[in-house]
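Order of the sequence lines sets the chain letters (A, B, ...), proteins ahead of strands, with each chain counted from 1.
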Protein chains: 2
Amino acid sequence: MAKIDDIMKMTGFSRTAVSKALNDKDDISEATKKIIRDAARELNYIPNINARNLRSKNNNVIALIISSPSAESEKTNTLYPLLMGVNKAMAAQQYELALYIIDSKDQAAKSYVAFCRERNVKGAILVGIKTDDDYIKQLKNSEIPYVLIDVDIRGTDHMNVVKIDDVTAAFEATEHLIDHNHKNIAFINGGKTATVAIDRWEGYQKALAEHGLPLQHDYVKIADFSEEKAYAVTKALFKQHPELTAVFCASDLMALGTMKALDDLELDVPRDVSVVGFDDIPLASYVKPALTTINQSFFEKGNKAADLIASLLKESQDKKIITLPHKLMRRNSVAHNKRSA
Amino acid sequence: MAKIDDIMKMTGFSRTAVSKALNDKDDISEATKKIIRDAARELNYIPNINARNLRSKNNNVIALIISSPSAESEKTNTLYPLLMGVNKAMAAQQYELALYIIDSKDQAAKSYVAFCRERNVKGAILVGIKTDDDYIKQLKNSEIPYVLIDVDIRGTDHMNVVKIDDVTAAFEATEHLIDHNHKNIAFINGGKTATVAIDRWEGYQKALAEHGLPLQHDYVKIADFSEEKAYAVTKALFKQHPELTAVFCASDLMALGTMKALDDLELDVPRDVSVVGFDDIPLASYVKPALTTINQSFFEKGNKAADLIASLLKESQDKKIITLPHKLMRRNSVAHNKRSA
DNA sequence: AGACAATGGCCAAGATCGATGACATCATGA
DNA sequence: TCATGATGTCATCGATCTTGGCCATTGTCT
């Protein structure tokens with residue numbers, strides 16, 4: 001394991017000269033740079049990142065904190081493209097990635113801030129956080145710049161966020177159903193605390209209101225983004241409210257649960273009931289009928305978040321909210337409602 | 001950012017005493033340990049991992065090297081559970097995870113060894129490597145212990161590997177079709193260089209041989225683990241060989257492409273043609289008909305690989321090959337063949 | 001034109017980052 | 001007196017940073 005002293009001995013230059021030459025500083029002549037570089041190559045020199053980061057606090061490590069990944073994430077597969085997006089941006093900008101996956105059940109888990117501080121993390125990207133999460137407090141007190149994905153904490157808008165316009169997306173999804181003559185539209189939401197859940201709930205309400213449709217609280221259920229719960233909720237819902245002709249689910253996975261429940265109830269999708277999902281996970285286009293849903297790119301989310309944190313580190317700037325595009329994917333789970341109101 | 005000197009000044013003990021107390025060494029009295037720990041808490045002390053790792057070479061960093069993830073991986077979603085498996089084992093054993101994703105198209109990518117050496121990585125887990133990969137050479141020359149996932153380089157059995165028994169699994173898959181009276185069974189493989197492809201090809205041949213079925217080289221195609229290519233290959237195959245009644249695909253994604261092609265050819269699965277896949281990705285159980293396939297746990301693969309590398313670091317031991325279980329999932333894409341041979 | 005200061009390119013020496021490890025030291029009790 | 005336990009001293013890991021020295025070139029002034 002060659003170190004800088006070895007190549008210093010070999011070339012006769014000082015430690016400093018070697019270091020500077022290898023880092024391509026401009027107060028070393030090209031001639032000696034070449035000598036030093038050649039020696040380094042010959043000795044198979046690789047800098048020790050610990051020593052470097054210890055000395056120069058300019059270490060370029062950015063943390064990706066993934067909070068409480070549910071069992072569902074194996075099926076939804078949103079985190080993987082997100083990770084790829086982050087990784088690509090980081091690699092392009094010479095940042096190191098420190099990955100920290102927090103199992104919500106693990107009480108002994110180190111705090112986010114401890115993780116970042118002990119390895120001198122310069123910035124962090126947080127994903128999967130909830131508005132009532134304990135981490136929010138830690139964040140505010142920490143001096144580490146961070147970017148949140150999909151979280152936009154109401155009231156405190158002094159944060160960097162990458163998200164889509166969930167309100168509008170949910171509005172469009174609901175409106176899509178209304179446009180197909182549906183009047184009794186159920187809404188199965190993921191929760192109450194996740195920002196995306198709050199936003200989608202708002203979009204649903206807006207769409208109803210704008211089209212003069214009454215908001216029936218009985219039509220709104222929570223299924224914790226779980227396929228199984230959505231299945232159960234849907235069954236109960238349609239037994240009690242056979243007048244329903246459409247369901248908007250705040251996630252594709254829940255939509256799958258809903259479709260399965262409808263199938264078991266011998267209600268045909270889309271002939272009897274129309275379904276719209278959210279996320280456009282790979283599964284959405286493969287099931288039959290193919291699920292109409294809101295597409296968003298998790299790769300882009302990760303990528304943009306990494307770019308944002310990188311630019312934040314280069315120059316301090318105002319807090320920023322990046323809104324990525326979404327798109328309604330019209331597939332085969334929505335049909336025109338022929339039932340009379 | 002409190003450092004050890006701050007708590008040394010605060011408590012009056014020496015730097016060493018503080019360090020030892022915080023690391024719970026046994027030559028510090030409990031009384032002073034308590035004093036020092038309290039002070040540390042009060043100062044919100046967090047050790048600097050760079051300094052620690054620089055000084056004590058006992059840094060517990062294990063790298064997970066993901067090589068050339070294809071675009072397919074977003075759909076197959078095998079890498080994410082694998083990562084979770086690795087992460088869980090690492091967290092349990094107090095290892096740090098350094099993630100290195102190599103984009104095969106990126107020529108400028110640092111070498112695996114450089115990545116590991118510069119951050120003092122103690123061991124590595126490699127996934128997605130091919131037998132003709134350049135990394136193989138790097139591996140042999142490196143002193144860093146490593147575990148390969150799904151790779152078992154023929155001839156050089158001096159490696160640590162975590163895998164399933166792909167030969168037997170493919171054998172069972174093929175035999176499953178034979179048991180359903182299929183005699184003309186196509187095999188769509190992923191490639192020629194991936195170990196899993198080689199093994200599955202062997203399993204297919206074995207099953208035919210054992211049941212006295214001739215091996216028709218025309219029935220065997222390569223589709224690079226790609227859904228689109230499998231689609232194209234299947235179309236060509238069945239136009240040329242209408243006598244085929246079954247297809248064994250070396251991956252689920254290819255099986256999906258095959259099923260789509262059969263659909264376009266107006267051949268019903270499983271009535272006209274039976275299909276068996278491999279991997280049991282989430283999609284497999286959602287498509288219609290649900291895909292009969294070989295289940296394996298990628299979470300377990302990652303988990304066991306991490307355990308193995310950890311035990312390797314604790315005590316040097318002989319090279320080990322861990323074979324994980326697999327299971328044939330009988331679903332709805334296979335039916336009894338009624339056509340006469 | 002010659003002298004002298006000022007500038008700037010190139011490199012060296014030594015301090016330094018924050019922790020740990022080897023060894024010395026200093027009380028004790030046996 | 002000699003282990004033994006509890007702390008302190010100092011060097012050390014491998015790099016970067018600060019400071020400053022040397023030499024050659026340029027500009028300015030007499």
Side-chain angles (χ1 to χ4, degrees), chain A residues 1-40 43-61 94 96 114-122, chain B residues 1-40 43-61 94 96 114-122:
Chain A
M1 208 72 143
K3 35 190 207 175
I4 236 176
D5 280 25
D6 295 328
I7 114 162
M8 150 182 143
K9 277 171 203 150
M10 180 167 171
T11 60
F13 288 103
S14 74
R15 208 200 320 283
T16 317
V18 173
S19 171
K20 284 185 173 176
L22 293 176
N23 288 307
D24 205 19
K25 304 278 182 186
D26 48 8
D27 60 343
I28 298 286
S29 71
E30 276 307 319
T32 71
K33 272 186 191 172
K34 178 164 170 29
I35 296 173
I36 289 172
R37 285 198 193 115
D38 288 350
L43 289 174
N44 195 17
Y45 168 78
I46 290 173
N48 180 315
I49 218 164
N50 289 127
R52 171 182 294 178
N53 287 349
L54 173 60
R55 176 64 239 223
S56 74
K57 312 231 158 197
N58 290 329
N59 58 344
N60 292 327
V61 21
Q94 306 279 50
E96 283 175 64
F115 177 86
C116 289
R117 281 184 49 195
E118 76 179 4
R119 56 197 80 196
N120 245 306
V121 162
K122 280 291 171 296
Chain B
M1 208 74 144
K3 35 191 209 175
I4 238 177
D5 280 25
D6 295 329
I7 115 161
M8 150 183 142
K9 279 170 202 152
M10 181 166 169
T11 60
F13 289 103
S14 74
R15 209 199 322 282
T16 316
V18 173
S19 170
K20 285 185 174 173
L22 293 176
N23 288 306
D24 205 19
K25 305 277 181 186
D26 49 7
D27 58 346
I28 298 286
S29 68
E30 275 308 320
T32 73
K33 272 186 190 170
K34 178 164 170 29
I35 296 173
I36 289 172
R37 285 197 193 115
D38 288 350
L43 290 173
N44 194 19
Y45 168 78
I46 290 173
N48 180 315
I49 218 165
N50 290 125
R52 173 186 307 202
N53 286 351
L54 174 61
R55 176 64 237 228
S56 73
K57 312 233 160 200
N58 290 328
N59 57 345
N60 292 327
V61 173
Q94 306 279 49
E96 282 175 64
F115 177 86
C116 290
R117 279 184 49 197
E118 77 178 3
R119 56 197 79 197
N120 246 308
V121 161
K122 282 290 173 295

Apply side chain to side chain contact (heavy atoms under 4.5 Å, CB included) to the pair Tyr45(A) and Leu22(A), showing each step before the final yes or no.
-> CA-CA 10 Å; Tyr45(A) 168 78; Leu22(A) 293 176; 3.5 Å; yes

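- Taking every heavy atom of both residues into account, Ala2(A) and Arg117(B) meet most closely at N-NH2, 4.2 Å.
- With rounding to whole Å, Asp24(A) atom CG is found 13 Å from dT16(D) atom P.
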Sugar-phosphate or base contact per nucleotide [nucleotides 13-23 of chain C; S, B, -; heavy atom under 4.0 Å] = BBBBBBBBBB-

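- If you check residues 30-38 of chain B against DNA chain C, you find no residue with a heavy atom closer than 4.0 Å.
- For Asn23(B), the side-chain hydrogen bond (donor to acceptor under 3.5 Å, both in side chains) test picks out no residue, with sequence neighbours left out.
- Taking CZ from Arg55(B) and CG from Asn48(B), the interatomic distance works out to 14.5 Å, rounded to the nearest 0.5 Å.
- Per the geometry, CD1 belonging to Ile49(B) stands 16 Å off C1' belonging to dC13(D), to the nearest Å.
- Ile46(B) and Ala114(A) make their closest contact through CD1-CA, 3.6 Å (heavy atoms, listed as atom of the first residue, atom of the second, distance).
- One distance of note links CD1 of Ile35(A) with OG of Ser29(A); it measures 7.5 Å at 0.5 Å rounding.
- In this structure, the CG atom of Leu22(B) is 14 Å from the P atom of dT7(D), given to the nearest Å.
- As a whole-Å value, the separation of Asn53(A) CG from dT16(D) C1' is 11 Å.
- Residue pairs meeting the salt bridge (charged side-chain N to carboxylate O under 4.0 Å, His left out) criterion with at least one partner in residues 26-35 of chain A, sequence neighbours excluded, are Lys20(A)-Asp27(A), Asp24(A)-Lys33(A), Glu30(A)-Lys33(A), Lys34(A)-Asp38(A).
- With sequence neighbours excluded, the residues forming a salt bridge (Lys or Arg N to Asp or Glu O under 4.0 Å) with Arg15(A) are Asp5(A), listed by chain and number.
- Axis angle between the ends of the helix from dA1(C)-dT30(D) to dA30(C)-dT1(D), five pairs each and rounded to 10 degrees, works out to 50°.
- Ser29(A) has no side-chain polar atom (N or O) that falls below the 4.0 Å cut-off from OP1 or OP2 of dG9(C).
- A distance of 8.0 Å separates CG in Asn60(B) from CG in Asn53(B), rounded to the nearest 0.5 Å.
- The closest side-chain heavy-atom distance from Ile28(B) to Phe13(B) is not below 4.5 Å.
- Distance CZ (Phe13(B)) to C1' (dT9(D)): 16 Å, rounded to an integer number of Å.
- The nearest pair of heavy atoms linking Val18(A) to Thr11(A) is CG2-OG1, 4.4 Å.
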